[in-house]
Amino acid sequence: MAEQSHDPWQSAMDHAVAVARKAGEMVRAALQVQDKCSPVQTKTSAVDLVTETDQEVERLIIQSVKSKFPSHSVVRRALCAHYCPTWIIDPIDGTTNFSFVVEGTRLWACASGFAVNQQVEWGVVYSAIEDKMYTARRGRGAFCNGRPLQVSPQTGQRESPYRCPTDSSLRKVLSLPVHGVRGAGSAALNMCAVAAGFVEVYYETGIHVWDVAAASVIVTEAGGVLFDTTGEGAVDLMSRTIVAANNKPSPRESSSSWTPAVQDNNI
Ligand SMILES: O=P(O)(O)O[C@H]1[C@H](O)[C@@H](O)[C@H](O)[C@H](O)[C@@H]1O
Ligand SMILES: [Mg+2]
């Protein structure tokens, strides 16, 4: 079918939802086959864990986008610097959990974000084990299985000297007077947890654009905010650091009521 001119981004997003379901089924099936969950060597990176299933799902997405939207680019490694509509995909976000069957395999997801002119227009994150399809279109809200998402209304207390975490401050973050700290391992799902109001803040350094592009718009459309780890600037999805939160505390505002999903992946 040809690309539709009246709302081309919407038809791309609908397609991403369908592909994510298919990808999720593929990944679930692969869990039964040891070889498909084992890390493979790639030329690109020794650090980035990749399995045969990552590669299969990546091929599935690329082929389906190329046949349906031939003018679109598909990348894992760049937020397109020019106008070109670009899918930023993470075939399996949480490959470590998938590969090592961590936490009952729950925390992995298939994620696609779509950027035009460096703006993320929509995001789709599918948690196949939970059958949760998170979607958001810029300016049109965020949803999980069609139900609207809203970040937590929780705010901090004014007395605390807490500031937003900085790049090198994992120890500080871990000792904050918060209810609890979790590092569960899928950036996309951690951000969706912020969007859904389950946690108030997610923070990570060492992250890549494909880990966060899809969920970035899900967070903001659910009423959340993204900022850099100094707490001062706007987020740059290429910067490899991110804070996603239900609100942006002023420098003197407390985190004491926050329940962060925190990870630090400095490499
Ligand atoms: O490599 P994949 O796509 O599995 O993504 C994961 C990152 O590699 C981790 O840094 C990060 O901590 C998260 O676990 C993230 O989701
Ligand atoms: Mg990832």
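When reading the values below, keep in mind they use all heavy atoms of this one structure, side chains included, and skip hydrogens, waters and symmetry mates. Predicted model only: the values in this text are computed from it and were never measured. Whatever order the structure lists ligands and atoms in, that order sets their numbers, starting from 1.
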Answer with yes or no whether I92 contacts ligand 1, where contact means a heavy atom under 4.0 Å from a ligand atom. yes
Does a salt bridge link E56 with K36, judged by any charged N lying under 4.0 Å from a carboxylate O? yes
Kindly work out whether a path of hydrophobic side-chain contacts (I/L/V/M/F/W/Y, heavy atoms less than 4.5 Å apart) joins F143 to V194. no
With carbon and hydrogen excluded and only N/O/S kept, which atom of D211 is nearest the Mg ion (ligand 2)? OD1
Indicate yes or no: does an N/O atom of A188 lie under 3.5 Å from an N/O atom of ligand 1? no
Any idea which part of D93 is under 4.0 Å from ligand 1, heavy-atom wise: side chain, backbone, both or neither? both
Run the salt-bridge test on K68 and D14 with the 4.0 Å N-O cut-off and return the result as yes or no. no
Non-hydrogen atom of L49 closer than 4.0 Å to ligand 1: no
Looking at every heavy atom in both S112 and A214, which two are closest together, and how far apart are they? O-CB, 3.2 Å
Ligand 1 atoms in contact with G94 (distance to a heavy atom under 4.0 Å): 2 (P), 3 (O), 4 (O), 5 (O), 16 (O)
Row for the Mg ion (ligand 2): angle OD2 (D90) to OD1 (D93), 10° precision, value 100°
Assign the ring pair H15 / F69 to parallel, tilted or perpendicular, where the plane angle (0 to 90°) is split at 30° and 60°. perpendicular
Could you go through the side chain to side chain donor-acceptor pair (under 3.5 Å) check for Y126 and D131 one step at a time? CA-CA 7 Å; Y126 183 47; D131 192 21; 2.7 Å; yes
Taking only non-hydrogen atoms of E204 and a 4.0 Å limit, the atoms of ligand 1 in range are 9 (C), 10 (O), 11 (C), 12 (O)
Numbering the atoms of ligand 1 from 1, which are under 4.0 Å from a heavy atom of T95? 4 (O)
The atoms of ligand 1 lying under 4.0 Å from a heavy atom of D90, numbered in the order shown, are 3 (O)
Short question: side chain of S99, backbone of T96 - any donor-acceptor pair under 3.5 Å? no
